[in-house]
Amino acid sequence: AWMEKGQMQEQYQGMRDNEKGNVLFLILIAVALFAALSYAVTQSTRTSGGSSESETTLIDSAQVTQYPASVRTAVVRMIIGGVDYKNLEFNLPANFGDCTGSPTTFTFCVFHPSGGGATYAESPKSVMASGAPGPWYFTAEFEVEGIGTTAAGSDGNEVIAFLPGITETVCKRLNKELGISGAIQLNADLSADYVKLMDNNYDIGAAANNIIGTATGATGLVGKPFGCFQNSGNNQFVYYHVLLEQ
């Protein structure tokens, strides 16, 4: 019985040694496969730079459209809660001290936790022609043709987020994804108005009735709540995103 036990132990140990050898063999195979896969991916990246660049542009354009969509959610929530759109304040965090509101301070402040609770952020530097993060502007200086109600003065103006200074590549990719043909050149210089910030000092009654549409040569943007155009004068590529229609 003692001999049988010893033989069984030897056999068991042999099986264990074989298992260790098999595991080591499998690990070596996995390492070899991983190395081969890494090499293949590297070679693919080197030989298909255009495809990689296209994917990067797609990701960048998605970041541009997603941010104002999140701000729009906060604005709509404030309107439903009883805040008049004329009282919206897009004060930046550094200027929260100037926010106003009723029944409490900050109620009208879109980016304050006690107001709209939206997060303020600049654009990714990768989408900007300057190579640096760019600021968003929120204003009610414009009316988009075919969106909401057409009215004289500021009554028909939308509350819009603008991101001026993006690259032409991102502008064209945005329009392509939104079903708009290429970059659209305006026949008017609107740069003085799309950088006006709708904050606590903003007078919506004095807002200009700038039209994004046929009147400014942007027929491709008629009825489009978001899109990109090239501004006349400074030739900036500008993304706009309607937050609230009027």
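- Taking a cutoff of 4.0 Å between a charged side-chain nitrogen and a carboxylate oxygen, E245 and R72 qualify as a salt bridge.
- Note on ring orientation: taking the six-membered ring where Trp is involved, the planes of F96 and H112 are perpendicular (angle over 60°, cut-offs 30° and 60°).
- Between S123 and W136, the closest heavy-atom pair is N-NE1, 4.0 Å.
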Problem set entry | L243/I160 under side chain to side chain contact (heavy atoms under 4.5 Å, CB included): CA gap, chis, key distance, verdict | CA-CA 5 Å; L243 303 182; I160 303 176; over 6 Å; no
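- Remark: N95 CG to N201 CG distance equals 9.0 Å, nearest 0.5 Å.
- Side chains of N200 and D98: a donor-acceptor N/O pair is absent below 3.5 angstrom, by distance only.
- Side-chain polar atoms of N209 and N157 form a donor-acceptor pair below 3.5 angstrom.
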Problem set entry | Derivation and outcome, side chain to side chain contact (heavy atoms under 4.5 Å, CB included), residues V71 and V110 | CA-CA 8 Å; V71 177; V110 176; 4.2 Å; yes
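- The closest donor-acceptor contact from the side chain of N175 to the backbone of C228 lies under 3.5 Å.
- If you take OG on S232 and CG on N187, they are separated by 7.0 Å, rounding to the nearest 0.5 Å.
- Atom CG of L197 is separated from atom CD of E141 by 11.0 Å, given to the nearest 0.5 angstrom.
- Note on V75 and Y85: same hydrophobic cluster, where clusters join Ile, Leu, Val, Met, Phe, Trp and Tyr whose side-chain heavy atoms are under 4.5 Å apart, directly or indirectly.
- The side-chain heavy atoms of V159 and V242, taken from C-beta on, include no pair separated by under 4.5 Å.
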Exercise. Passes side chain to side chain contact (heavy atoms under 4.5 Å, CB included), T167 versus F237? Steps please.
Worked result: CA-CA 7 Å; T167 67; F237 291 95; over 6 Å; no
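- T73 and S70 share no side-chain donor-acceptor pair at under 3.5 Å.
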Problem set entry | Intermediate values then yes/no, side chain to side chain contact (heavy atoms under 4.5 Å, CB included), Q246 and D155 | CA-CA 7 Å; Q246 293 301 317; D155 291 340; over 6 Å; no
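- To the nearest 0.5 Å, atom CZ of residue R173 and atom CG of residue L178 are 11.0 Å apart.
- Within the 4.5 Å cutoff, no side-chain heavy atoms of Q230 are placed close to those of I184.
- The nearest pair of heavy atoms linking P164 to V195 is CG-CG1, 4.5 Å.
- Nearest heavy atom pair, residue A74 against residue G116, reads CB-O, 3.6 Å.
- Among all heavy-atom pairs drawn from L186 and A218, the shortest one is CD2-CB, 3.5 Å.
- L221 places none of its side-chain heavy atoms less than 4.5 Å from the side chain of V144.
- For the pair T216 (side chain) and I211 (backbone), a donor-acceptor distance under 3.5 Å is present.
- Between the side chains of Y240 and E158, no donor-acceptor pair of N or O atoms lies under 3.5 Å.
- A donor-acceptor pair shorter than 3.5 Å cannot be found between the side chains of S191 and Q236.
- Remark: side-chain polar atoms of T139 are paired, donor with acceptor, to backbone N or O of K196 under 3.5 angstrom.
- Inspection of the D189 and N234 side chains reveals no N or O donor paired with an N or O acceptor under 3.5 Å.
- Residues I204 and K86 approach most closely at CG2-CG, 3.7 Å, considering heavy atoms.
- Atom CG of L190 and atom CD1 of I212 lie 7.0 Å apart (nearest 0.5 Å).
- T65 places none of its side-chain heavy atoms less than 4.5 Å from the side chain of F226.
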For this session: Please test E89 against T100 for side-chain hydrogen bond (donor to acceptor under 3.5 Å, both in side chains), starting from the C-alpha separation and ending with a verdict.
Result: CA-CA 8 Å; E89 297 175 351; T100 60; 2.4 Å; yes
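- In this structure, A140 and M198 approach most closely via the heavy-atom pair CB-SD, 4.1 Å.
- Cluster annotation: V238 and V222 are assigned to distinct hydrophobic clusters (Ile/Leu/Val/Met/Phe/Trp/Tyr, side-chain heavy-atom contacts under 4.5 Å, transitive).
- With hydrogens and angles ignored, the 3.5 Å screen pairs a side-chain donor or acceptor of Y67 with a backbone N or O of T119.
- Placement of L92 and F162 within a single hydrophobic cluster is found when ILVMFWY residues are connected by side-chain heavy-atom separations under 4.5 Å, directly or transitively.
- Ring to ring, F138 and F111 are close: their centroids are under 6.0 angstrom apart.
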Exercise. Could you go step by step and tell me if N210 and D193 meet the side-chain hydrogen bond (donor to acceptor under 3.5 Å, both in side chains) rule?
Worked result: CA-CA 8 Å; N210 298 313; D193 291 317; 2.9 Å; yes
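- Note: M78 CE to N87 CG = 9.0 Å, rounded to the nearest 0.5 Å.
- E145 and T214 are linked by a side-chain donor-acceptor pair at a separation below 3.5 angstrom, with hydrogens and angles left out of the test.
- Side chain of N231 to backbone of N235: no donor-acceptor contact under 3.5 angstrom is found.
- Counting heavy atoms from C-beta on, the side chains of C171 and F229 never come closer than 4.5 Å.
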